[in-house]
Amino acid sequence: MPENNSEKIYWEILDRQKGIIGKKEQLDILNSSVTVIGCGGIGGATTEMLARMGVGKLKIVDKDVFEVSNINRQLMSNLKSIGTPKTQATKERLQSINPNIEVETFNSELNGKNVTEILTGSQVVIDALDNILTRIIVGRSAEALDIPFIHGAIHGTMGQVTVFNNSTPSYEELFKLPSQGKELTEEIISQISNLSKEVPPVLGPVPNIVGCLQSMEAVKLITRKGTPIMAPRVLIFDLMKEEAFSIVRF
């Protein structure tokens with residue numbers, strides 16, 4: 001638990017949410033560890049909201065640096081951060097928001113060799129990724145470690161969010177991927193790569209909405225309060241539509 005003035009600041013930051021989340025639940029949030037894979041558009045919003053809601057530890061993973069083209073949607077980016085590792089800029093911002101938060105950074109690509117080490121000890125794993133292969137690797141490891149896996153994805157003005165655990169269909173099963181039940185051979189990896197060659201267009205609010213929704217799902221899981229959106233149910237939205245949000249069953 002934070003001490004002295006830091007403790008006082010922590011609870012003052014959370015003053016407006018204490019009517020919804022009780023002290024015991026807040027302590028669960030404070031004592032939790034959440035891993036976020038990706039510090040871009042989705043990951044920036046996810047990590048910022050988790051920090052603002054009082055999560056005690058965040059592990060953040062990203063191998064990239066910020067570019068000018070990120071600024072339209074990635075909250076952790078600005079003109080001064082161009083060329084800076086995304087994990088570094090994200091850590092600095094998170095600790096400026098919540099000085100009590102512990103941020104562990106992995107400025108590298110997540111893969112089959114390091115995924116177990118990175119995920120171990122987490123209560124929740126959040127997918128803020130932009131490629132299917134890494135999602136598969138994370139989803140398989142989260143399932144093996146019995147850690148809930150919150151998926152989020154975007155395309156244009158559309159987004160989707162759902163939660164996987166050992167009682168739901170897997171990510172690969174739900175989206176009927178060619179890798180389901182198979183070893184990740186070069187042939188399978190090639191097939192997966194062909195599914196995600198396109199770099200999708202995106203408007204700034206879209207990944208940020210997905211990230212905020214994921215952060216809320218994480219808090220529901222940590223506090224056991226509310227009803228998470230569990231697969232095969234998926235929250236989908238298209239911001240160009242008047243009735244933008246719905247939950248569908250895949």
Side-chain angles (χ1 to χ4, degrees), residues 33-48 50 57-71 73-77 81-94 102-145 147-155 164 170-172 175 177-180 182-200 202 207-208 210-211 214-215 218:
S33 175
V34 178
T35 298
V36 181
I37 316 295
C39 295
I42 296 175
T46 304
T47 54
E48 177 153 332
L50 290 172
K57 180 174 181 178
L58 281 171
K59 297 182 185 180
I60 57 175
V61 187
D62 203 305
K63 65 181 176 62
D64 292 331
V65 299
F66 281 118
E67 301 174 354
V68 174
S69 62
N70 298 148
I71 292 176
R73 65 200 181 281
Q74 299 190 15
L75 294 181
M76 302 297 171
S77 67
S81 68
I82 303 308
T84 302
K86 291 184 178 182
T87 52
Q88 176 186 329
T90 300
K91 179 177 181 176
E92 290 172 0
R93 179 166 173 83
L94 296 179
E102 178 185 348
V103 183
E104 184 175 3
T105 61
F106 298 86
N107 189 31
S108 59
E109 182 176 20
L110 184 141
N111 54 48
K113 295 179 180 179
N114 62 15
V115 63
T116 299
E117 177 187 355
I118 291 172
L119 268 54
T120 296
S122 303
Q123 278 69 60
V124 179
V125 177
I126 298 179
D127 156 24
L129 290 156
D130 60 2
N131 75 87
I132 294 172
L133 177 60
T134 310
R135 285 193 181 108
I136 291 169
I137 293 169
V138 174
R140 289 185 178 189
S141 183
E143 184 175 8
L145 294 168
I147 302 172
F149 172 46
I150 304 175
H151 162 67
I154 61 168
H155 190 288
F164 301 101
S170 69
Y171 168 71
E172 294 168 83
F175 296 112
L177 297 178
S179 57
Q180 182 187 342
K182 299 176 182 177
E183 185 181 347
L184 293 178
T185 63
E186 289 186 11
E187 180 182 354
I188 294 296
I189 291 172
S190 177
Q191 291 179 34
I192 293 165
S193 298
N194 288 333
L195 297 174
S196 58
K197 282 185 174 179
E198 178 190 6
V199 177
V202 61
N208 289 287
V210 169
Q214 287 180 307
S215 69

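Since we're looking at a predicted model, the values are computed, not measured. Only this structure's heavy atoms are used, side chains among them; waters, hydrogens and symmetry mates stay out.
- Every pair passing side-chain hydrogen bond (donor to acceptor under 3.5 Å, both in side chains) that includes a residue from residues 104-119 is listed here, sequence neighbours excluded: Lys57-Glu104.
- Taking CD of Gln180 as the start and CG of Leu177 as the end, the distance is 8.0 Å to the nearest 0.5 Å.
- Closest approach of Lys59 to Ser33, counting heavy atoms only: CE-OG, 4.2 Å.
- With sequence neighbours left out, the ring-ring contact (aromatic ring centres under 6.0 Å, His included) criterion links Phe106 to no other residue.
- Across all their heavy atoms, Lys86 and Asn70 have their closest contact at CE-OD1, 3.8 Å.
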Show the atom names and distances, to 0.1 Å, of all donor-acceptor pairs under 3.5 Å that link a side chain in residues 187-194 to residues at least two apart or in another chain.
{"residue": "Ser193", "atom": "OG", "partner": "Ile189", "partner atom": "O", "Å": "2.9"}
{"residue": "Asn194", "atom": "OD1", "partner": "Lys197", "partner atom": "NZ", "Å": "3.3"}
{"residue": "Asn194", "atom": "ND2", "partner": "Ser190", "partner atom": "O", "Å": "3.3"}

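- Looking at every heavy atom in both residues, Val210 comes nearest to Gly152 through CG1-CA, 3.9 Å.
- The shortest non-hydrogen separation linking Ser81 to Phe66 is O-CB, 3.6 Å.
- To the nearest 0.5 angstrom, Glu102 atom CD is 8.5 Å from Lys91 atom NZ.
- For residues 125-142, every residue pair satisfying the side-chain hydrogen bond (donor to acceptor under 3.5 Å, both in side chains) rule, not counting sequence neighbours, is listed here: Asp127-Arg135, Asp127-His151, Asn131-Thr134, Arg140-Glu172.
- Nearest heavy-atom pair, Gly43 versus Val36, reported as atom, atom and distance to 0.1 Å: CA-CG1, 4.2 Å.
- Under the 4.5 Å side-chain criterion, counting only non-hydrogen atoms from C-beta, Ile71 is in contact with Ile82.
- Listed by chain and number, the residues in a side-chain contact (heavy atoms from CB on, under 4.5 Å) with Ala218 are Leu50, Val124, Ile126, Ile150 (sequence neighbours excluded).
- Nearest heavy atoms, Thr46 versus Ser215: O-CB, 3.9 Å.
- Atom OG1 of residue Thr47 and atom CG of residue Leu58 lie 6.5 Å apart, to the nearest 0.5 angstrom.
- In terms of the side chain to side chain donor-acceptor pair (under 3.5 Å) criterion, residue partners of Ser122 (sequence neighbours excluded) are, by chain and number, Thr35.
- Between Ile132 and Ser179, every side-chain heavy-atom pair lies at or beyond the 4.5 Å cut-off.
- You'll find the side chain of Tyr171 stays beyond 4.5 Å of the side chain of Val138, heavy atoms only.
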Would Leu145 and Val125 count as a side-chain contact (heavy atoms from CB on, under 4.5 Å) if you check the C-alpha gap in whole Å, the side-chain angles of each, and the deciding distance to 0.1 Å? CA-CA 11 Å; Leu145 294 168; Val125 177; over 6 Å; no

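- Put simply, the side chain of Cys39 does not reach to within 4.5 Å of the side chain of Met76, judged on heavy atoms.
- Side-chain contact between Leu184 and Leu133 is present, with at least one heavy-atom pair separated by less than 4.5 Å.
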